[in-house]
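The figures that follow rest on heavy atoms only: side chains count, while hydrogens, waters and symmetry mates do not. All ligand and atom numbering here is 1-based and tracks the order in the structure.
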Amino acid sequence: MSAANRNAQIIQGGMGVAVSNWRLARAVASEGQIGVISGTGIDSVLVRRLQDGDPEGAVRRAMAAFPFPDIVKEALKRYFLPEGRQPGTTYKRSPMPSATGNRIQQGLTILGSYVEVFLAKEGHSGQVGINLLTKVQLPNLAALYGSMLAGVDYVLMGAGIPREVPGALDRLAQHLPASFRLDITELPGVTRDGPAPTTDLIPHDFGSEGQPDLKRPAFLPIVASHSLASMLQKKANGSIEGFVVEGPTAGGHNAPPRGAKVFDDEGQPVYGERDIVDLEKMVDLGLPFWLAGAYGSPEALRRARAHGAAGVQVGTLFAYCEESGLEPSIKDKVLEQVIGGTVSVRTDPRASPTGFPFKVVSLPGSTSEEDVYRARKRVCDLGYLREVYRKDDGGIGYRCASEPIADYMAKGGEAAETAGRKCLCNALMVNIGLGQIQKDGSAEAPLLTSGDDLPAIERLIRPGRSWYSARDVLDYLLDTTPIAAPKGEVVGQGA
Ligand SMILES: Cc1cc2nc3c(=O)[nH]c(=O)nc-3n(C[C@H](O)[C@H](O)[C@H](O)COP(=O)(O)O)c2cc1C
């Protein structure tokens, strides 16, 4: 069992899809801080990299070390194109995740997260974590197992209540079958019989016999309240080694405000007193914790530590550094906006089909713009954010509020639920240069997320140099010039 390293002051936050890729996590981990890869949609990342010819050979180098050769053979046979894909052609997709565990999809997910962690850990002895969203239920067990096969040191999961994850880590470390109870949307009038359905992973199905036991990584749930942290510590089905406490200013998805829904003039959710995390209560839990959400400055790191945190988790500053997976032209556009003082981030309560508020950067050509959003033909072909619902016949179905409206309604969904919902799955693949060209020839558009503190990346841009590295971010954050922490300041403005 791994303990959490209380001496690591910085966790580079997990950023999906593959914004926090192996290159970024490796750069951070090799400097002695915690580098985190994103395991979300990792099978799609893998198969698209293979179809682009894996020009540097890194993916195939990691695949050659994977312990289950059948999956490697299958992945190469189905997806690898030595010359790369013809420009303008459609990527062949990984099968969509399903509760019944499609073997190919699970195999590709195990392999994809193995590759990402293997490469992030290559060539140094630093520590690497994997980030997953609890809400994305179906592929998570496979992503966890693949990362553990590569020796992942940490698992970080938010966007939901990851109560069953610690027990699954214990079992997967011994290659034993693991299950998560499925969170199912019950439609009005549909009766429910029998035990709650689960999604399962059976390592033996992939050839795990004879494999040595794996290291059980440290588990750090990402929480937005001390009460959730305390509940998880008491009621999770295994051990928790620490927490990330994330506030509503953080990039990505945010926890919704507590209490009545109130919106400001721009339609953004308003957070209040009840959303402030009591850091003394966090200290009382006795586990290390890291604060996230606009903590990307040396002053904020010192403040966090003065309040008993081990350090901070930072995403936005790392998202735009050289090593991150963001498509270079997108990085350049945003950096230009930052330098020009025009960059803006909005907390959109509708964009994500998960129903969680999602931070969106206003970016020309992205679905943050109404005309680009409206011009896109709705399609659901990746399916990571689909909710599982109970069909009239008692069986299980899948639906997403961003899918074609008629399809969603045919599955018992309300039209109002679809308004303003965006296809994050496809957009996030575009952000990292792996966007789909759909069969009708249309190219998917990006949708970028960042924290409210995005303008602060200007502090990393030096005269005459509009880029910076992960090392620059760490040097900046770990600056040791003493500045007194303001007395009585409230930190941990968590959701
Ligand atoms: C581009 C981007 C993508 C993110 N994606 C995820 C994600 O997939 N899972 C997650 O738990 N957090 C995600 N986050 C949140 C970060 O892990 C981190 O907690 C957050 O960025 C910290 O606050 P900051 O944005 O003010 O630095 C994302 C953040 C950014 C900027």
Side-chain angles (χ1 to χ4, degrees), residues 10-21 24-25 28 34-42 45 116 129-136 139-140 143 154-160 162 165 220-224 243-255 289-297 300-301 304 311-321 324-327 330-331 334 343 345 347 351-352 354 356-361 363 366 384-385 424-425 427-432 446-457 459-460 473 476-477 491-495:
I10 296 167
I11 300 178
Q12 160 259 305
M15 295 179 278
V17 170
V19 172
S20 63
N21 58 7
L24 174 57
V28 172
I34 300 175
V36 179
I37 60 106
S38 166
T40 304
I42 202 70
V45 172
E116 208 68 9
I130 183 171
N131 172 277
L132 293 165
L133 302 172
T134 311
K135 269 243 170 189
V136 180
N140 282 347
Y154 293 90
V155 169
L156 301 96
M157 288 177 69
V165 173
L220 310 181
I222 303 170
V223 298
F243 293 98
V244 172
V245 182
E246 193 184 73
T249 53
H253 284 96
N254 302 137
F289 61 93
W290 288 260
L291 299 181
Y295 278 92
S297 71
L301 170 59
V312 296
Q313 170 167 288
V314 174
T316 298
L317 289 187
F318 286 110
Y320 297 91
C321 77
S324 97
L326 276 184
E327 165 70 20
I330 293 183
K331 272 185 214 172
V334 173
V343 80
V345 175
T347 308
S352 172
T354 62
F356 282 103
F358 187 68
K359 288 267 192 292
V360 172
V361 180
L363 188 72
S366 80
Y384 296 107
L385 297 177
L424 297 194
C425 293
L428 299 194
M429 295 300 290
V430 183
N431 293 349
I432 54 163
L447 182 67
L448 195 58
T449 182
S450 286
D452 289 341
D453 214 15
L454 176 58
I457 64 176
R459 293 171 80 176
L460 284 151
V473 177
Y476 166 65
L477 292 175
V491 295
Q493 221 276 345

| task | Please name all residues satisfying salt bridge (charged side-chain N to carboxylate O under 4.0 Å, His left out) with Asp453, sequence neighbours left out, ordered by chain then number. | result |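 Expected list: none.
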For ligand 1, does [X] get within less than 4.0 Å through its side chain, its backbone, both, or neither, judged by non-hydrogen atoms?
X      : answer
Leu448 : neither
Lys359 : neither
Ile222 : side chain

Is it true that [X] lies under 4.0 Å from ligand 1, counting heavy atoms only?
X      : answer
Ala294 : yes
Gly293 : yes
Leu133 : yes
Gly158 : no

Would you say [X] has any N or O atom under 3.5 Å from an N or O of ligand 1, going by distance alone?
X      : value
Ala292 : no
Glu246 : yes
Gly315 : yes
Asp453 : no
Gly251 : yes
Thr40  : no

If only atom types and distance count, is the side chain of [X] paired as donor or acceptor with the main-chain N or O of [Y] below 3.5 Å?
X      : Y      : value
Lys331 : Gly325 : no
Ser20  : Met15  : yes
Asn431 : Val17  : no
Asn21  : Leu24  : yes
Thr134 : Gly158 : yes

| Would you say the side chains of Thr249 and Tyr295 form a donor-acceptor pair under 3.5 Å? |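 There is no such pair between these side chains.
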| Looking only at side chains, do Thr449 and Lys359 share a donor and an acceptor under 3.5 Å apart? | no
To the nearest 0.1 Å, how far is [atom] from its closest protein heavy atom, and which atom is that?
atom                    : value
atom 8 (O) of ligand 1  : Gly16 N, 3.0 Å
atom 3 (C) of ligand 1  : Met15 CB, 3.4 Å
atom 14 (N) of ligand 1 : Gly14 O, 3.4 Å

| task | Could you name the option among Val136, Thr316, Thr449, Val314 that has the heavy atom nearest to atom 1 (C) of ligand 1? | result |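 Nearest heavy atom to atom 1 (C) of ligand 1 lies in Thr449.
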Those atoms of ligand 1 less than 4.0 Å from some heavy atom in [X]:
X      : value
Gln313 : 17 (O), 18 (C), 19 (O), 22 (C)
Gly13  : 17 (O)
Gly451 : 25 (O)
Asn131 : 7 (C), 8 (O), 9 (N), 10 (C), 11 (O)

| task | Please say which of Ile10, Val36, Val19, Ile457 ends up in a side-chain contact (heavy atoms from CB on, under 4.5 Å) with Phe318. | result | Ile10
| message | If the test is side-chain contact (heavy atoms from CB on, under 4.5 Å), which one of Leu291, Val245, Leu156 qualifies with Gln313? | response |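 The side-chain contact (heavy atoms from CB on, under 4.5 Å) with Gln313 is passed solely by Leu156 among Leu291, Val245, Leu156.
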| request: Hey, can you tell me if Phe358 and His253 have their rings parallel, tilted or perpendicular (30° and 60° cut-offs)? | output: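 The rings of Phe358 and His253 sit tilted, inter-plane angle from 30° to 60°.
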| task | Starting at CH2 of Trp290, measure out to CD1 of Ile222 and round the result to the nearest 0.5 Å. | result | 12.0 Å
| said: Using 0.5 Å steps for rounding, measure from the CD1 atom of Ile37 to the CD atom of Gln12. | reply: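 Nearest 0.5 Å value for the CD1-CD distance: 10.0 Å.
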